[in-house]
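These notes are about the structure you will find just below.
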Amino acid sequence: MKVFIKTYGCQMNMRDSEAMAGMLAAKGYEIVEHENKADILLFNTCSVREQAEKKAIGKLGFMSKIKKKRPETIIGVMGCMAQNKKEELLSSVPHLDFVLGTGQLHKLPDVLEDLQKKRQRLSLTEQSEDVLTGMGVHYTDKNTVNPYSAFIAVTRGCNRFCSYCIVPYVRGREISRTIDDVMLEARQLVDSGVKEIMLLGQNVAAFGLNGDTRPPQEGVSPFADLLYEMNEIKGLERIRFTSPYVSYFNNKLIRAMAECHKVCHNVHLPLQSGSDRILKAMNRQYTAESYYEKVLAMREAIPDITFSTDVIVGFPGETEEDFEATRSLFAKVGYTNGFIFKYSPRQGTKAAVMPDQIPQSVKEERNQILLALLEEQTNREISKLSGTVQEVLVEGAARTNKNQLTGRTSTSWVVNFTPQQGTKPGDLVQVRIIRPANVTLVGEEIANA
Ligand code: 5AD
Ligand code: SF4
């Protein structure tokens, strides 16, 4: 049986899809790259903004054609939108066979087996902790873009309830794996050739805190303990993580980042807003000042660290003054990458029913202003790197030039470079940077002394 999996949304969804591909491959299914070749079509969906749901619904509608041509095709919706809409999806999409929520993903192989024995439409959307340990399977094939880099989900769900966010409702309560469990998975990945591991969680730095929403006391950071342990894995070159909530960066965690040489010098640190009034309305438990203090503390410990962020523009009640506070902090931090989102009301969240919803045209305008600022900052920061030597983890052939390889610096810049003889994907090499070309760097590998 051939299976096609389409993934929408964040890295956690990509990781879930990979785990599901792995579970199915182990049962003898073949994972295919195109929907026309598949007997089973799976859609792993996102709900974080309305646009993400619309995209998946549109695609699903289109699948009725395939079902007409080949009625035996099995079609399933999984993940966040499945959890959000539940069995309602079965009535609104008549050619849909099943709905599998975020807490039930590990049951996919059983569901498919049952459906092949007996066709009946079903919806499984209960939350269950088994999903935490049931999703440790990995999968790579010839289409895997970078087999040297892997994701490990260390927490699932979120307890923070930011007032705009649907995640706590669709991914349920925050649960953490144990350090031993994560280490086992990490070692297996490294044994299979992985050089870089990205640790994932909706609030990844809350790892091991048992769902307590109070940021940890000084001296307490199970996430830092995990970084120290992972740093010792022989053969592993790099550790990244996303997304941490700024308040969880106590000195212990900052020290761990500085002391563990495998931890990359790039942090995705969601800001959301630079206005204290809006941060409060968002139920974000920090101020613009305390956010910036953490940035400074991290810069002091790790001077070449780069930051990326998420910002929401047009949150209900956001005035010009509030937006200006965001713009000014955004410039002060000097992010080298960022995602600017136009606020999208999500049913069931507190912000969706707040007064003073902002017109789309204003959201658009503020979005453009921050995007232009980001471009300016990125150009400025990238041009500082000409002439420096950067360590690059090689990912594969450069798209633009077949004689070049491509990879990333620890600070997350993409570098296309002319390699020395014998250099191959998975190697860690020294590259002299010649010049920036847009948002990537161009360089040449330095010969080993
Ligand atoms: N509207 C717009 N952006 C949102 N995000 C989360 N919820 C919403 C929403 N309702 C953004 C946040 C978060 C990122 C993953 O998505 O910036 O960090
Ligand atoms: Fe959503 Fe806030 Fe949790 Fe992030 S921390 S997933 S924005 S509720």
Side-chain angles (χ1 to χ4, degrees), residues 8-16 45-55 79-81 83-84 102 153-176 200-207 209 211-215 223 241-249 267-275 278-286 291 307-318 323 326 329-330 335 337-354 357-360 362-364 366-367 370-371 374:
Y8 297 87
C10 65
Q11 285 145 318
M12 189 63 93
N13 265 17
M14 285 161 63
R15 170 68 194 112
D16 285 346
T45 57
C46 170
S47 277
V48 79
R49 282 168 291 277
E50 194 186 1
Q51 200 52 32
E53 288 197 340
K54 275 194 177 152
K55 252 199 205 157
C80 293
M81 189 179 74
Q83 191 66 41
N84 193 25
T102 51
V154 300
T155 73
R156 301 181 76 88
C158 184
N159 284 359
R160 296 225 55 100
F161 288 94
C162 300
S163 64
Y164 50 79
C165 189
I166 200 170
V167 168
Y169 303 94
V170 293
R171 279 198 170 263
R173 294 291 59 72
E174 178 189 288
I175 41 181
S176 289
L200 294 180
Q202 260 78 36
N203 177 7
V204 71
F207 172 79
L209 293 172
D212 193 341
T213 50
R214 285 166 306 182
F223 187 63
F241 54 87
T242 200
S243 280
Y245 192 98
V246 66
S247 323
Y248 294 69
F249 279 91
V267 176
H268 183 72
L269 200 61
L271 170 65
Q272 313 299 2
S273 170
S275 153
I278 296 294
L279 285 170
K280 196 156 182 235
M282 285 177 161
N283 191 29
R284 299 288 288 183
Q285 284 168 354
Y286 53 87
Y291 178 99
F307 293 99
S308 63
T309 199
D310 291 340
V311 170
I312 298 176
V313 293
F315 183 83
E318 186 187 65
F323 176 66
T326 302
L329 187 54
F330 195 92
Y335 301 102
N337 200 3
F339 301 90
I340 322 292
F341 301 109
K342 287 169 267 184
Y343 170 69
S344 166
R346 307 312 291 131
Q347 211 183 1
T349 64
K350 286 207 171 128
V353 291
M354 284 181 185
Q357 297 283 327
I358 304 293
Q360 196 60 20
V362 175
K363 292 180 190 170
E364 194 59 57
R366 292 177 182 171
N367 188 41
L370 290 187
L371 286 176
L374 179 64

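Heavy atoms only: backbone and side chains are in, while hydrogens, waters and symmetry mates are out. Both counts, for ligands and for their atoms, begin at 1 and track the order of listing.
Atom 10 (N) of ligand 1 has its closest protein heavy atom at Ser344 O, 2.8 Å. The nearest protein atom to atom 3 (N) of ligand 1, hydrogens excluded, is given as Arg49 NH1, 3.3 Å; this is a heavy-atom distance. Looking only at protein heavy atoms, the nearest one to atom 12 (C) of ligand 1 is Gln272 OE1, 3.4 Å.
Applying the ring-ring contact (aromatic ring centres under 6.0 Å, His included) test to Phe307 and every residue at least two apart in sequence or in another chain returns nothing. Under the rule for a ring-ring contact (aromatic ring centres under 6.0 Å, His included), the partners of Tyr335 that lie at least two apart in sequence or sit in another chain are Phe330. Partners of Tyr286 by side-chain hydrogen bond (donor to acceptor under 3.5 Å, both in side chains), not counting sequence neighbours, listed by chain and number: Arg284.
Counting non-hydrogen atoms of neighbouring residues, nucleotides and ligands closer than 6.0 angstrom, the CD atom of Gln347 reaches no more than 12 such neighbours.
At least one N or O atom of Asp310, backbone or side chain, sits closer than 3.5 Å to an N or O atom of ligand 1. Checked against a 3.5 angstrom limit, the closest N/O atoms of Arg346 and ligand 1 fall outside it.
Residue contact check: Ile312 has heavy atoms under 4.0 Å from atoms 3 (N), 4 (C), 5 (N), 12 (C), 17 (O) of ligand 1. Listed by number with element, the atoms of ligand 2 under 4.0 angstrom from any heavy atom of Tyr164 are 7 (S).
Between Phe249 and Leu269 the shortest side-chain heavy-atom distance falls below 4.5 Å. Taking 4.5 Å as the limit, some side-chain heavy atom of Val313 sits within range of a side-chain heavy atom of Phe323. Within the 4.5 Å cutoff, no side-chain heavy atoms of Gln202 are placed close to those of Glu174.
Glu318 has no carboxylate O lying under 4.0 Å from a charged side-chain N of Lys363, or vice versa, which leaves the two without a salt bridge.
When heavy-atom distances to ligand 1 are checked against a 4.0 Å cut-off, Val48 comes that close through both its backbone and its side chain. At a heavy-atom cutoff of 4.0 Å, ligand 1 is contacted by both the backbone and the side chain of Tyr164. By the criterion of a heavy-atom distance under 4.0 Å, the backbone of Lys342, and not its side chain, is placed next to ligand 1.
Within the protein, the N, O or S atoms lying under 2.8 Å from atom 2 (Fe) of ligand 2 are Cys162 SG.
The residue from Ile312, Asn203, Asp310, Val246 that alone fulfils the side-chain contact (heavy atoms from CB on, under 4.5 Å) condition with Pro270 is Asp310.
Of the possible donor and acceptor atoms, one in the side chain of Asn159 sits under 3.5 Å from a partner among the backbone N and O of Gly211.
Cation-pi contact between Arg346 and Tyr164: absent, since separation from the ring centre below 6.0 Å together with deviation from the ring axis within 45° is not met.
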